[in-house]
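Starting from 1, each residue takes its place in the sequence as its number.
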Amino acid sequence: MSSFNIKNDVTWRDFLIRSAFIIGTVVIIVWMMPRSSNISFKIERGKPWTYSDLKAPFDFPIYKSDEIVKAERDSLMQQYEPYYLYNDEIVNKQIRQFVKDYNNGIPGLSKDYISFVANRLRGLYAQGIMNSSEYARLNKDTTQNIRIINGKDANSVAITKVHSVVSAYEQIFLDESLAAHREILQKCNLNDYITPNLIYDKERSEASLNDLRNSIPLASGLVQHGQKIIERGEIVDAKTYDILISFEKETQRRETGKQQISMTIMGQILFVGILITCFTIFLTLFRKDYFEKMRSTTMLYALITIFVVIASVMVKHSILHVYIVPFAMVPIFIRVFMDSRTAFMAHTTMILICASFLQHPLEFVSVELVAGLVAIFSLRELSSRSQLFWTAVFVTIGATLMNLATDWIQNDDIMKISYSEYNYLAINGLLLFCSYPLLYLIEKAFGFTSNITLIELSDMNKTLLRKMSEVAPGTFQHSIQVGNLAAEIANKIGGKSQLVRTGAMYHDIGKIINPIYFTENQSGINPHEKMGAIDSAQMIISHVTEGIKLADKYNLPNVIKEFISTHHGQGKAKYFYVKYKTEHPNDTVDDLLFTYPGPNPFTKEQAILMMADTVEAASRSLPDYTEKTIRELVNKLIDGQVADGYFKECPITFRDIAYAKTVLIEKLKTIYHTRISYPELKK
């Protein structure tokens with residue numbers, strides 16, 4: 001339904017808050033980042049190197065000459081494919097116009113030829129028809145391809161596979177059934193119905209052309225920190241000259257003294273600022289709801305900042321090796337409390353920032369990127385503590401294998417490989433075992449609720465649940481049944497099944513206070529028979545407010561309280577509402593006396609619980625349980641909720657609701673299936 005209003009424009013307040021997060025994060029990180037200085041020198045090709053032995057003080061690329069770059073760009077231009085938009089509207093318009101013009105038939109031919117010609121035109125349009133001048137220009141090179149965009153697809157097609165307006169007209173008569181009647185069909189002016197449906201996309205084409213031009217790497221290799229460049233007295237040959245020129249370009253950017261320091265700081269501010277800004281833009285575009293909960297946003301930026309600062313301090317003061325820092329904790333925490341995509345983006349942002357001040361950034365990024373991905377993959381759904389243990393094991397194995405791969409790539413002799421880094425990766429894995437206690441601290445500090453906590457809350461021995469099973473057994477059984485139904489729906493439509501199951505267990509805890517007033521706990525005695533409709537409605541409605549009080553008393557998480565307050569939304573106690581209106585037909589009814597306090601559901605899981613709760617409760621009153629009665633009940637109740645606008649404020653779609661109906665119908669059929677009657681043995 002997701003018809004809740006989302007403003008595309010970010011308000012000034014939102015802009016200031018996000019800017020504050022960016023500026024604060026950048027300032028802290030850049031303040032703690034290490035600085036470095038470099039050297040410069042003069043180079044002469046073909047002459048001996050008069051300086052001392054030179055080793056690379058930092059990693060730098062080997063740049064290609066301008067002539068080589070130009071030649072490579074010219075060669076790559078042969079792969080350029082201009083973009084054309086496939087226009088369905090033109091096709092449908094022209095076909096409809098043809099059929100309309102010849103609705104009474106083509107003179108001299110049977111009416112069947114209308115569909116023959118229309119199908120032929122449609123086939124030509126499906127292949128694509130271009131402007132004749134553009135087609136002539138591109139068709140000079142028969143190997144030329146174009147890229148046709150049709151909806152979300154962009155397919156590369158040879159220019160010989162499409163048509164110009166002229167060639168499309170000629171192609172009509174290649175059909176044997178139409179060629180025999182060419183003279184008649186020529187009188188129909190079929191060219192009037194042939195117009196280009198491939199429209200040149202200038203913006204995409206120019207962007208593609210620029211990308212192609214810029215795809216030429218300006219470097220042909222990489223010199224790593226500590227690698228020998230040249231020895232004293234050695235002749236500067238062509239290869240070494242290119243390396244020295246590349247090194248000179250780097251040293252010019254890293255001049256010594258105050259200017260170097262200021263330039264380094266400016267570069268770090270720009271580098272970190274770009275990455276943090278990109279991360280913020282990602283959240284703004286795809287996870288805007290996180291900014292509505294400051295705890296979520298604060299945790300994200302805090303985790304990135306803390307781990308980058310730890311790495312900066314270790315590098316600045318040469319404390320052990322940066323691989324000892326368990327960077328994979330960041331995607332673990334974010335994945336548990338938020339989602340996989342945000343976890344990956346935050347992890348990537350963090351390791352790219354750290355890589356900027358390390359000696360071997362490519363190896364670091366490779367190892368830590370794999371570690372983060374493995375952590376995210378292994379925590380698709382956290383349901384037990386043991387998953388964190390196995391996550392630490394898998395992350396360590398993945399990082400070790402990737403580090404081994406980079407070592408084998410760079411060394412042709414296995415004896416030259418230094419295995420000290422693997423000790424640090426092993427320590428890293430041990431530190432990852434601390435994720436569980438830290439997970440608890442983050443949960444309490446930022447007010448999150450993990451799946452482990454939800455599972456613990458679902459324990460039937462919890463005080464509230466045990467009390468409900470003793471005092472209100474009917475409500476307890478109802479809650480279990482609703483939890484099962486809601487979890488099945490959540491699994492079907494991509495909701496959080498454990499969250500909605502736990503919410504279902506607690507949604508009716510308010511009935512513990514006065515259980516006898518609810519039908520599922522009654523055994524022949526109904527106190528509502530001696531009460532007025534208003535008093536009865538107030539008693540029924542009170543289970544929501546009483547439930548909130550109990551949740552506060554027993555320190556239930558806010559996410560569970562939200563299920564208690566929203567499972568009836570702002571609906572009415574309809575039975576007593578209708579009863580009152582029937583008994584007082586001439587009186588004005590105060591609807592608020594019969595209305596639940598709400599609010600209406602504002603998450604997908606809350607909507608699921610409302611549907612499951614309503615259907616499960618109503619299903620108990622069915623006179624007979626057949627597929628027809630169950631289906632009619634489910635459709636009636638949920639369609640009524642949709643019509644009353646209960647789901648307007650939550651991100652649930654009509655497709656989700658349709659799936660929810662299907663699950664409820666199938667599950668209720670299974671629950672209330674009819675048993676066969678056993679025959680009696682005749683004596």
Side-chain angles (χ1 to χ4, degrees), residues 2 4-25 276-277 279-306 329-347 349-350 376 379 382 438-454 457 490 494-496 498-500 502-503 506 548 551-552 555-567 569 598-609 647-652:
S2 47
F4 58 100
N5 296 325
I6 298 179
K7 295 182 179 179
N8 294 324
D9 298 328
V10 177
T11 65
W12 276 107
R13 180 179 177 276
D14 295 334
F15 178 78
L16 292 175
I17 290 174
R18 293 166 201 188
S19 298
F21 273 111
I22 294 173
I23 294 171
T25 304
I276 297 298
T277 301
F279 179 66
T280 306
I281 292 173
F282 161 78
L283 294 178
T284 301
L285 294 177
F286 302 104
R287 295 293 183 267
K288 189 177 181 180
D289 56 307
Y290 289 161
F291 285 106
E292 298 173 3
K293 299 177 181 178
M294 277 302 156
R295 64 186 185 186
S296 302
T297 315
T298 304
M299 188 192 78
L300 288 172
Y301 288 91
L303 286 175
I304 294 174
T305 303
I306 290 170
M329 277 188 180
V330 173
I332 287 176
F333 294 151
I334 298 175
R335 174 63 190 90
V336 169
F337 296 121
M338 296 182 182
D339 64 278
S340 299
R341 189 189 296 185
T342 304
F344 177 74
M345 292 298 295
H347 183 63
T349 301
M350 177 184 64
I376 294 170
L379 287 174
L382 182 62
L438 290 176
L439 199 68
Y440 179 79
L441 292 177
I442 290 178
E443 190 170 342
K444 296 304 178 183
F446 294 100
F448 288 105
T449 305
S450 68
N451 271 7
I452 293 177
T453 299
L454 293 174
L457 287 173
K496 298 176 182 177
Q498 186 57 55
L499 173 60
V500 74
T502 307
Y506 287 90
I548 296 295
D552 289 331
N555 296 318
L556 292 181
N558 287 331
V559 70
I560 301 300
K561 296 178 187 176
E562 290 167 356
F563 281 106
I564 299 173
S565 61
T566 62
H567 74 278
N600 287 327
F602 51 87
T603 69
K604 181 185 289 188
E605 288 73 23
Q606 292 166 10
I608 291 171
L609 178 61
F647 306 140
K648 284 184 177 180
E649 298 173 5
C650 64
I652 192 168

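- Between Tyr290 and Thr297, the shortest heavy-atom contact is O-OG1, 2.9 Å.
- For Asp339, the salt bridge (Lys or Arg N to Asp or Glu O under 4.0 Å) partners at least two apart in sequence or on another chain are Arg287.
- We find the OG1-CD distance between Thr453 and Glu443 to be 3.0 Å, quoted to the nearest 0.5 Å.
- Contact record, Thr284 with Lys288: O-CB, 3.6 Å, taken as the closest heavy-atom pair.
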Side chain to side chain contact (heavy atoms under 4.5 Å, CB included) evaluation trace for Phe563 with Thr502: CA-CA 9 Å; Phe563 281 106; Thr502 307; over 6 Å; no
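- Tyr301 and Phe21 have parallel rings, their planes meeting at less than 30° on a 0 to 90° scale where 60° marks the start of perpendicular.
- Atom CD1 in Ile376 sits 8.5 Å away from atom CZ in Arg335 (nearest 0.5 Å).
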Full working for side chain to side chain contact (heavy atoms under 4.5 Å, CB included) between Met299 and Ile334: CA-CA 8 Å; Met299 188 192 78; Ile334 298 175; 4.2 Å; yes
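- Residues Ile564 and Ala551 approach most closely at CD1-CB, 3.9 Å, considering heavy atoms.
- Atom-to-atom distance recorded for Tyr506:OH and Leu457:CG is 5.0 Å, nearest 0.5 angstrom.
- To the nearest 0.5 angstrom, Ile17 atom CD1 is 13.5 Å from Trp12 atom CH2.
- Ring geometry, Phe286 versus Phe282: the interplanar angle falls from 30° to 60°, so the pair is classed tilted.
- For the atom pair CG of Leu499 and CG of Leu454, the computed distance is 5.5 Å after rounding to the nearest 0.5 Å.
- Between Asp289 and Lys293, the closest side-chain pair of non-hydrogen atoms is not below 4.5 Å.
- Taking all atoms of both residues into account, the shortest heavy-atom contact from Pro331 to His347 is CD-ND1, 3.5 Å.
- Lys561 and Leu556 get closest at one heavy-atom pair: CE-O, 3.2 Å.
- In this structure, the side chains of Glu562 and Val559 come closer than 4.5 Å at one or more pairs of heavy atoms.
- The CG atom of Leu300 lies 11.5 Å from the CZ atom of Phe337; values are rounded to the nearest 0.5 Å.
- In terms of heavy-atom proximity, Ile332 sits nearest to Leu379 at CG2-CD1, 3.6 Å.
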